[in-house]
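Here is how names work: the chains are called A, B, and so on, in the same order as the sequence lines, proteins then strands, and each is numbered from 1. Keep in mind the model is a prediction, meaning the values are calculated, not measured.
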2 protein chains.
Amino acid sequence: MTTSRPLRADAARNRALLLAAAADEFAEHGLEASVADIARRAGIGKGTVFRHFPTKDDLIAAIVLDRIQALTAIGERLLDSDDSGAALLEFLATAAHQRQQRDLSFLQEAGDTRPEVGNARTAMFQTIDTLVDRARADGAIRPDVTGTDVILLMCAPNYVTGSVPDASPDLWQRYLAIIFDGLRPEGAHPLPQPPPDTL
Amino acid sequence: MTTSRPLRADAARNRALLLAAAADEFAEHGLEASVADIARRAGIGKGTVFRHFPTKDDLIAAIVLDRIQALTAIGERLLDSDDSGAALLEFLATAAHQRQQRDLSFLQEAGDTRPEVGNARTAMFQTIDTLVDRARADGAIRPDVTGTDVILLMCAPNYVTGSVPDASPDLWQRYLAIIFDGLRPEGAHPLPQPPPDTL
DNA sequence: TAACAAGTTGACCGCCAGGTCCGGTTATCG
DNA sequence: CGATAACCGGACCTGGCGGTCAACTTGTTA
């Protein structure tokens with residue numbers, strides 16, 4: 001973690017503009033948004049983008065890393081909650097709400113092969129595992145679901161909602177509620193397949 | 001529906017090879033599979049692809065249309081079932097199983113602006129609506145979910161499963177079961193948002 | 001304020017995927 | 001069997017993308 005020289009004032013401003021613009025553009029058009037569009041939206045030249053991030057994947061990784069760390073922090077904080085079931089639900093709500101609009105499923109796909117992202121992801125997975133273990137121990141969720149299940153399902157509300165043209169921005173809450181009802185112990189039917197072991 | 005001239009023998013064979021290869025390639029690599037790869041897989045030239053389908057989107061539309069119609073037929077057949085809840089579950093299982101492996105969420109995105117696809121989609125939606133109405137009338141699913149909800153959720157099991165590297169090909173069944181448990185009346189909690197009206 | 005390093009920019013490059021086209025091939029029918 | 005039209009194929013075109021670079025601008029610091 002060598003911080004080298006401090007960034008020049010305008011460079012720091014441009015970097016912030018760039019990150020914001022990239023997040024917006026990715027939220028609207030998915031990861032295939034072009035670097036030129038991002039630069040235009042940020043009001044900077046395309047070359048500047050590549051000065052801050054040598055590769056488009058590096059840009060994506062930076063945003064993804066930020067989101068993962070933010071989510072992990074929230075999950076960590078929720079570990080102190082009294083109601084473990086409500087804590088898990090709130091975590092899932094935050095996760096769904098954070099990445100608005102389009103896909104940007106930063107859980108698996110994006111920014112792999114970048115060790116920092118992989119490490120952050122692993123940390124987040126561990127936090128989720130703990131959150132789920134507590135909820136299960138308290139009987140807030142059914143005994144046969146695992147942390148991996150929750151990790152996989154946590155993207156679903158946004159995905160499901162993503163294809164509705166004029167949806168309310170809170171529509172994801174409806175599907176999170178339905179899916180979470182499926183995670184509850186009441187009225188649970190046996191599951192036909194074991195959970196995956198590797199992610 | 002003017003059938004014009006019957007296709008020449010080899011042309012019909014190539015068309016069949018092409019459709020099969022395209023379906024496989026799309027299943028493996030998603031819609032961004034290249035036309036060149038599809039042609040190579042089918043053992044035909046790239047020009048032949050564009051002879052049968054003027055545009056890649058036309059190719060996609062053809063496959064999507066076929067899938068939609070097949071699904072609609074299955075749904076129609078399941079309307080005769082005694083157990084409306086089991087019928088709905090089987091329909092969702094068929095839908096999830098049909099489009100194996102990767103995304104290919106042919107419900108909304110793909111092949112829009114093509115009227116035939118839109119019409120077929122509308123027909124499928126109506127069939128699903130009927131299926132859901134019966135299940136709800138029989139108390140097999142909770143009263144506050146609509147056909148639109150089911151339409152949106154039906155892609156989720158495959159999506160969720162798609163990002164697991166070495167998943168069992170039947171893993172989607174696990175998540176379909178969880179989500180379907182969320183649709184059941186037992187232990188249902190009130191939903192925070194109304195369903196979308198337009199699709 | 002002067003001088004330099006850091007930052008910026010947009011023209012430019014190579015690549016790749018969709019789409020075109022025309023010379024060669026082949027099924028079909030009288 | 002032979003003529004013809006339908007069909008095939010791959011070289012070619014084109015546009016848009018990620019990424020590079022050298023000339024220019026600007027924040028910084030002594």
Per [X] side chain, nearest of listed nucleotides [options]:
| X | options | value |
| --- | --- | --- |
| A:L7 | D:dG19, D:dC8, C:dG7 | C:dG7 |
| A:R51 | C:dG18, C:dT8, D:dC17 | C:dT8 |
| B:N14 | C:dG7, D:dC8, D:dG9 | D:dC8 |
| A:K56 | D:dG18, D:dG9, D:dA5 | D:dG18 |
| A:T48 | C:dG7, D:dT28, C:dT9 | C:dT9 |

Once you round it to whole Å, what is the distance between [atom2] of [N] and [atom1] of [X]?
| X | N | atom1 | atom2 | result |
| --- | --- | --- | --- | --- |
| A:R15 | C:dT8 | CZ | P | 11 Å |
| A:R13 | C:dA6 | CZ | C1' | 15 Å |
| A:F53 | D:dG18 | CZ | C1' | 16 Å |
| A:I44 | D:dT26 | CD1 | P | 16 Å |
| B:F50 | C:dG19 | CZ | C1' | 5 Å |
| A:K46 | C:dT8 | NZ | P | 16 Å |
| A:E32 | D:dG15 | CD | P | 22 Å |
| B:I38 | C:dC16 | CD1 | C1' | 15 Å |

> Any side-chain N or O of B:S34 under 4.0 Å from OP1/OP2 of C:dC16?
Replying inline: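 Checking C:dC16 against B:S34, no side-chain N or O comes under 4.0 Å of OP1 or OP2.
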> Quick one: is B:H52 getting a side-chain N or O under 4.0 Å of the D:dC7 phosphate, OP1 or OP2?
Replying inline: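 Answer no for this pair, as no side-chain N or O of B:H52 is under 4.0 Å from OP1 or OP2.
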>> Need one value for A:A12: base, sugar-phosphate or nothing, where a base atom within 4.0 Å counts as base even if backbone is also close, heavy atoms only.
In response: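 Nothing, no nucleic acid heavy atom in range.
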> Checking salt bridge (charged side-chain N to carboxylate O under 4.0 Å, His left out) for the pair A:R184/B:D181: CA distance, chi angles, key distance, verdict?
Replying inline: CA-CA 9 Å; A:R184 298 187 133 106; B:D181 277 354; over 6 Å; no
>> Can you work out whether A:G45 or B:A33 has the more 5'-proximal nearest nucleotide on DNA chain C?
In response: A:G45
> So does B:E28 pair up with B:R41, basic N to acidic O under 4.0 Å?
Replying inline: yes
> Is a donor on one side and an acceptor on the other found under 3.5 Å between the side chain of B:R134 and the backbone of B:S84?
Replying inline: no
> What are the two closest non-hydrogen atoms of B:V160 and A:A156, and how far apart are they?
Replying inline: CG2-CB, 4.1 Å
>> Can you see whether B:Y175 engages B:N158 through a side-chain donor-acceptor pair at a distance of less than 3.5 angstrom?
In response: no
